**Q** 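Below are the structure tokens for one structure; questions will follow.
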Number of protein chains: 2
Amino acid sequence: MLTIWLNYMVKKRKDDTTEGKILAAARKVFTTKGMAGARMQDIADEAGINKAMLHYYFKDKEKLFEVVFMEGAGEFFPRINKLFESDASLEEMITRFVEEYLDAMQRSPYLPWFIMNELNRDADTFLEKIWAAPNRPNPAKFLALIEKEIKKGNIKRISPLHLLLNLLSMTIFPFIAKPMITRNLHLDEMQFRYVIEQRKTEIPKFIMDSIRK
Amino acid sequence: MLTIWLNYMVKKRKDDTTEGKILAAARKVFTTKGMAGARMQDIADEAGINKAMLHYYFKDKEKLFEVVFMEGAGEFFPRINKLFESDASLEEMITRFVEEYLDAMQRSPYLPWFIMNELNRDADTFLEKIWAAPNRPNPAKFLALIEKEIKKGNIKRISPLHLLLNLLSMTIFPFIAKPMITRNLHLDEMQFRYVIEQRKTEIPKFIMDSIRK
DNA sequence: ACTTTTGTTAACCATTTGGTTAAACTATAT
DNA sequence: ATATAGTTTAACCAAATGGTTAACAAAAGT
């Protein structure tokens with residue numbers, strides 16, 4: 001009993017346990033090489049442990065991938081959804097959406113890429129597993145809010161669908177195209193982070209300037 | 001001699017030759033499964049030919065991939081570059097950029113995804129091969145034009161970099177996120193095409209509304 | 001103390017996969 | 001007709017890869 005308590009208090013940091021090391025390694029390898037390109041041996045090497053441990057802690061490749069994937073998606077979707085469900089003003093909602101999204105992606109820059117990738121590879125399997133979850137972002141309320149604002153005459157007449165697409169595009173795309181952007185515009189890691197930081201204000205300003213009457 | 005001429009006149013359509021069938025199949029398999037996920041047998045099956053033919057016409061997997069890839073990139077980059085190099089007005093350049101890009105992508109919807117994917121997977125190998133080509137889009141002139149318009153007082157003071165990012169994002173992203181968009185907004189193939197068609201006018205309008213003084 | 005459970009390793013296995021080969025078949029040229 | 005070059009096939013091969021096993025070590029429970 002005492003040992004349990006002690007163990008609890010002195011709990012190894014997540015990344016120091018074998019399981020943690022595997023997850024960190026898997027995250028890295030899966031997200032750079034994709035599900036198909038990732039090698040179990042690569043993950044084991046990256047984690048500095050024996051390949052058999054991967055199967056000890058996570059049944060097989062499929063399961064390990066799923067855990068890594070869900071871990072990411074589970075952090076992503078809920079906060080977005082919560083925002084869509086809130087009753088903030090349009091401008092506030094856009095501003096906070098961009099901020100939250102960009103922050104989440106700064107923390108896990110691999111995620112949007114990862115999700116798009118698997119979605120593209122095997123949409124059905126993925127969607128049945130993840131998309132059905134109760135935390136799936138539902139843009140309906142956001143679209144409705146735009147229509148309301150148009151009717152009230154607060155903003156220009158614009159297609160809510162295209163406004164939503166524009167918002168998502170400008171927020172997410174830079175992370176997906178990061179290798180292209182950094183290379184072609186000669187940005188290093190720091191500069192890229194800085195550009196993203198700027199976008200937290202640039203995107204909302206850009207949008208509001210466009211739709212404001 | 002006669003037979004040669006006849007053969008020329010009655011030339012099989014590209015897609016009926018073995019080589020053509022392989023390329024079409026490879027395009028399909030590579031772009032849905034990625035380089036790592038694609039199986040040579042899958043490509044052979046898709047083409048309805050023997051696996052050995054793949055190696056007969058295209059040395060190995062790497063080479064076949066490269067041909068498919070270059071074929072796509074070669075259609076993509078030059079037209080963009082040509083536009084950036086032209087001396088159209090800013091609004092015209094933006095409008096034509098969106099049109100050309102969206103048209104190219106309607107024709108090869110897999111391409112942007114494909115390029116991003118491989119760029120993400122193995123940026124260095126890819127960039128050394130393709131990026132160094134003389135047709136690489138060079139945004140410098142576009143950025144310079146924006147600055148000039150700002151100085152002339154024709155448009156608002158806006159970061160040229162962010163304007164470029166916004167333009168690229170809004171144009172390309174919907175194709176990368178297509179599976180997510182169609183699913184989450186309940187759009188079928190036709191409706192998606194229609195939305196894209198709308199964006200040819202929506203995006204330029206959205207941008208100009210935002211930057212016009 | 002010793003038994004049980006949990007964690008770890010190296011060697012091994014079965015299957016998949018990219019790639020080869022040699023033989024057969026086809027069209028063309030001489 | 002026969003040789004020649006180009007095309008296609010089935011069978012085969014070596015390497016890579018996901019996964020298993022049996023032995024062993026450490027920790028925890030009694």
Side-chain angles (χ1 to χ4, degrees), chain A residues 1-26 29-30 32-69 121-122 125, chain B residues 1-26 28-30 32-69 118 121-122 125:
Chain A
M1 286 93 199
L2 180 62
T3 51
I4 293 176
W5 179 78
L6 275 173
N7 192 22
Y8 175 76
M9 293 310 289
V10 196
K11 194 92 181 196
K12 282 177 166 52
R13 305 192 48 168
K14 232 185 180 180
D15 297 8
D16 285 342
T17 72
T18 302
E19 195 177 339
K21 280 190 283 187
I22 291 174
L23 277 176
V29 176
F30 273 135
T32 53
K33 310 240 181 174
M35 163 68 169
R39 297 293 102 117
M40 294 299 267
Q41 189 61 59
D42 291 348
I43 298 175
D45 290 349
E46 177 74 34
I49 49 101
N50 189 290
K51 184 165 69 84
M53 298 313 292
L54 304 182
H55 297 95
Y56 180 74
Y57 283 99
F58 308 88
K59 192 185 200 81
D60 55 19
K61 194 184 181 185
E62 184 81 25
K63 182 67 187 167
L64 178 55
F65 178 81
E66 197 187 310
V67 170
V68 170
F69 195 102
R121 197 178 57 96
D122 187 1
T125 304
Chain B
M1 286 91 202
L2 181 61
T3 51
I4 291 177
W5 180 80
L6 274 172
N7 191 22
Y8 175 77
M9 294 310 291
V10 198
K11 194 92 180 194
K12 282 176 165 55
R13 307 192 45 172
K14 231 185 182 181
D15 298 9
D16 285 344
T17 71
T18 302
E19 196 175 338
K21 280 191 283 187
I22 291 174
L23 276 176
K28 186 169 173 184
V29 176
F30 273 135
T32 53
K33 310 237 180 177
M35 163 68 168
R39 297 292 100 115
M40 294 299 267
Q41 189 59 59
D42 291 348
I43 298 175
D45 291 348
E46 178 74 34
I49 49 101
N50 188 292
K51 183 165 69 83
M53 299 311 291
L54 303 182
H55 297 96
Y56 180 74
Y57 284 98
F58 308 87
K59 192 182 201 81
D60 57 18
K61 193 185 182 183
E62 185 79 25
K63 181 69 187 165
L64 178 55
F65 179 81
E66 195 186 310
V67 170
V68 169
F69 196 103
E118 294 310 312
R121 197 180 55 97
D122 188 359
T125 304

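Proteins come first, then strands; the chains are lettered A, B, ... in the order of their sequence lines, and each starts at number 1. Values reported hereafter were calculated over all heavy atoms of this structure, with side chains retained and with hydrogens, waters and symmetry mates removed. Quick caveat, the model's predicted, so the values are computed rather than measured.
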**Q** Please determine if a side-chain N or O atom of B/T18 lies less than 4.0 Å away from the OP1 or OP2 oxygen of D/dT7.
**A** no
**Q** Using modelled atom types and a 3.5 Å cut-off, is there a donor and acceptor pairing between side-chain atoms of A/K61 and backbone atoms of A/M35?
**A** yes
**Q** Rounding to a whole Å, what distance do you find between B/D60:CG and C/dG18:P?
**A** 11 Å
**Q** Can you check each nucleotide of nucleotides 9-16 of chain C against protein heavy atoms at under 4.0 Å and return B for base, S for sugar-phosphate only, - for none, in 5' to 3' order?
**A** BB------
**Q** So among A/T18, A/I49, A/L23, which one has a side chain to side chain contact (heavy atoms under 4.5 Å, CB included) with A/Y57?
**A** A/T18
**Q** A/E62 has an atom CD; how far is it from atom P of D/dT17, in whole Å?
**A** 18 Å
**Q** OP1, OP2 of C/dT8 versus side-chain N and O of A/Y57: anything below 4.0 Å?
**A** yes
**Q** Quick one: are A/Y56 and A/M53 in side-chain contact, heavy atoms under 4.5 Å?
**A** yes
**Q** What's the NE2-P distance between B/H55 and D/dT7, to the nearest Å?
**A** 17 Å
**Q** Among pairs that include at least one residue of residues 38-58 of chain B, which meet salt bridge (charged side-chain N to carboxylate O under 4.0 Å, His left out), considering only residues two or more places apart or in two chains?
**A** B/K28-B/E46
**Q** I need the NZ-C1' distance between B/K61 and C/dT20, as an integer number of Å.
**A** 17 Å
**Q** Any side-chain heavy-atom pair from B/L64 and B/I22 closer than 4.5 angstrom?
**A** yes
**Q** What residues form a side chain to side chain contact (heavy atoms under 4.5 Å, CB included) with A/K59, not counting sequence neighbours?
**A** A/K63
**Q** Rounded off to whole Å, could you give me the NZ-to-C1' distance for the A/K33 and D/dA16 pair?
**A** 14 Å
**Q** What is the distance, rounded to the nearest whole Å, between atom CD1 of A/I22 and atom P of C/dG7?
**A** 11 Å
**Q** Using a 4.0 Å heavy-atom cut-off, does B/A38 contact any base of the nucleic acid, only the sugar-phosphate backbone, or nothing at all?
**A** sugar-phosphate
